[in-house]
Every structure is written in structure tokens, then in C-alpha cells.
Amino acid sequence: MIYFTSDLHLGYQKVIKNRNRSFDSVEEMNETLIANYNSRITPKDTVYLLGDLTQKLEPKEANSLLARLNGKKTLLIGNHDKYKKYDAKIFKEMCDYKYLTDKEVPIALMHYPILAWNRYQHGSMMLHGHIHSTGEYNEANREKGIRRYDVGIDANHFFPVSLDEILEFFGIN
């Protein structure tokens with residue numbers, strides 16, 4: 001299967017308060033997010049990580065946490081990610097933007113939401129993170145006929161979201 005997620009901010013204590021995350025400590029947040037991720041994603045799954053995986057961690061600690069995440073991982077760089085911070089062996093690919101087609105649906109992937117993307121007026125989707133929205137943002141986009149979706153954990157109950165779930169959300173089958 002194919003999954004998407006972003007904005008884990010592993011190791012960053014302030015995100016708990018700033019984003020009203022229901023954790024008592026950064027250690028609890030890290031362990032819960034990794035457990036949630038691995039409960040859905042197997043080592044054989046493909047996962048697109050749309051940025052901001054860690055924050056304020058030394059490279060050794062960041063890589064140790066990221067190595068625990070299952071799947072064949074592609075990283076789309078976020079504003080708190082740095083190419084030099086992460087061990088490239090953890091990822092299949094690291095890039096700023098990616099455009100893919102799966103199940104006949106073109107999908108633009110980037111950490112940041114954008115207003116217009118390739119084929120956006122012809123049924124493509126834009127998946128992003130960065131904004132730490134609630135699920136209401138995704139609902140509002142769907143109601144307006146905009147196929148833009150925040151895959152961040154804050155918008156998805158602290159879990160990755162599958163391509164099938166997103167397609168179903170937009171009524172694409």
C-alpha cells in the first residue's frame with residue numbers, strides 16, 4: 001500500500017503545547033507517533049513523508065528515531081528538515097517536490113500547500129503538510145471541490161493516511 005504523513009516533529013517538546021497535542025512529554029509523543037505509524041505501515045509499504053519529521057535533534061538521535069519507521073520511505077523536505085541531518089540510507093529518495101500517478105490519479109506532493117499544481121483543474125490532487133490543520137481544513141477543501149489534502153498527523157488523529165483513504169475521502173474510486 002501507499003501511505004502519506006508529515007509534521008511528526010519528533011523530539012520537539014514545544015510542538016506539544018503549540019499544536020495542542022495530547023501528550024505529557026516528548027518521549028510519550030515520540031513513542032506514540034512511531035507506534036501509530038508502524039501499526040499501519042509494514043516494511044513492504046511505500047510511504048511519502050512530507051516533511052518536518054524531527055526538530056531540534058542531533059543527527060544521531062534523529063536518524064535513530066527515523067530508522068524505526070517502517071516502509072520504503074521517500075522524504076519531501078520540510079522547513080525543519082535538512083539534507084545533511086538525515087542518513088540518506090533511511091530513505092529511498094529525498095526531494096523537494098514530487099509528482100506521481102497512481103490508480104490513474106495524478107498527485108502533486110510537497111511539504112507546503114500550493115494553490116495551483118500540475119493538472120489541478122483536471123482531477124489531480126495536491127497532498128501536503130506544514131500547516132498543522134485539523135480535519136476541518138480537509139473537509140472545507142472537499143466541500144469547495146478542491147482536491148488538496150493535509151496529510152499531517154495533526155489533521156489525521158496522529159496516524160499516516162493511505163492513498164485509498166484519500167481517494168475515498170474525495171469520492172474517487
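This is a predicted model, so every value here is computed, not measured.
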Inset, instruction - Please check if any side-chain donor atom of S39 sits under 3.5 Å from a side-chain acceptor atom of N36, or the reverse. - result: no
Legend entry - Atom pair CG (D24) and CE (M29), whose distance is rounded to the nearest 0.5 Å: 12.5 Å
Legend entry - Cluster overlap L167 with V161, hydrophobic side-chain contacts below 4.5 Å: yes
Legend entry - Residues E58, K85: salt bridge by 4.0 Å N-O rule: no
Inset, instruction - Hey, could you give me the NZ/OG1 distance between K92 and T46, rounded to the nearest 0.5 Å? - result: 5.0 Å
Inset, instruction - Hey, could you give me the CG/OG distance between N118 and S124, rounded to the nearest 0.5 Å? - result: 6.5 Å
Inset, instruction - Report yes or no: does T54 contribute a side-chain atom to a donor-acceptor pair with the main-chain N or O of L57 at less than 3.5 Å? - result: no
Legend entry - same_hphob_cluster(V151, M126) at 4.5 Å side-chain heavy-atom cutoff: no
Inset, instruction - Could you walk me through whether N70 and T42 pass side-chain contact (heavy atoms from CB on, under 4.5 Å), step by step? - result: CA-CA 6 Å; N70 288 336; T42 72; 5.5 Å; no
Inset, instruction - Would you mind telling me which of L76, L75, I77 makes a side-chain contact (heavy atoms from CB on, under 4.5 Å) with C95? - result: L76
Inset, instruction - Answer yes or no: is there an ion pair linking E31 with R68, defined by an N-O contact shorter than 4.0 Å? - result: yes
Inset, instruction - Please check if the distance between the ring centroids of F158 and F23 is under 6.0 Å. - result: yes
Legend entry - Donor-acceptor pair, side chain of T134 and main chain of A155, under 3.5 angstrom: no
Inset, instruction - Might you confirm whether atom CD of E168 has over 12 heavy atoms from other residues, nucleotides or ligands at distances under 6.0 Å? - result: no
Legend entry - Under 3.5 Å: donor-acceptor pair, side chain of D81, backbone of G78: yes
Legend entry - Side-chain donor-acceptor pair present, N156, Y149, cut-off under 3.5 Å: yes
Legend entry - Cluster check Y37, Y12: I/L/V/M/F/W/Y, side chain < 4.5 angstrom: yes
Inset, instruction - With side-chain contact (heavy atoms from CB on, under 4.5 Å) as the test, would you mind laying out the steps for R147 and Y120 before giving the verdict? - result: CA-CA 8 Å; R147 289 184 174 175; Y120 79 100; over 6 Å; no
Legend entry - Short N-O contact, K72 and D45, less than 4.0 angstrom: no
Inset, instruction - Would you please say whether a donor-acceptor pair under 3.5 Å links the side chains of Y137 and R148? - result: yes
Legend entry - Any donor-acceptor N or O pair under 3.5 Å, side chains D150, S133: yes
Legend entry - Side-chain donor/acceptor of D52 to backbone N/O of H9, under 3.5 Å: no
Inset, instruction - Compare every heavy atom of S6 with every heavy atom of H128, then report the nearest pair and how far apart it is. - result: O-OG, 4.3 Å
Legend entry - Any donor-acceptor N/O pair, R21 side chain to V15 backbone, under 3.5 Å: no
Inset, instruction - List the steps, then state whether salt bridge (Lys or Arg N to Asp or Glu O under 4.0 Å) holds for E93 with K73. - result: CA-CA 7 Å; E93 179 182 9; K73 300 178 283 290; over 6 Å; no
Inset, instruction - Please determine, by modelled atom types, if T5 and Y48 share a side-chain donor-acceptor pair under 3.5 angstrom. - result: no
Legend entry - S64 (side chain) donor-acceptor with K60 (main chain) under 3.5 angstrom: no
Legend entry - Donor-acceptor contact present, side-chain N63 to main-chain D87, <3.5 Å: yes
Legend entry - R142 to F169 six-membered ring, cation-pi geometry met (6.0 Å, 45°): yes
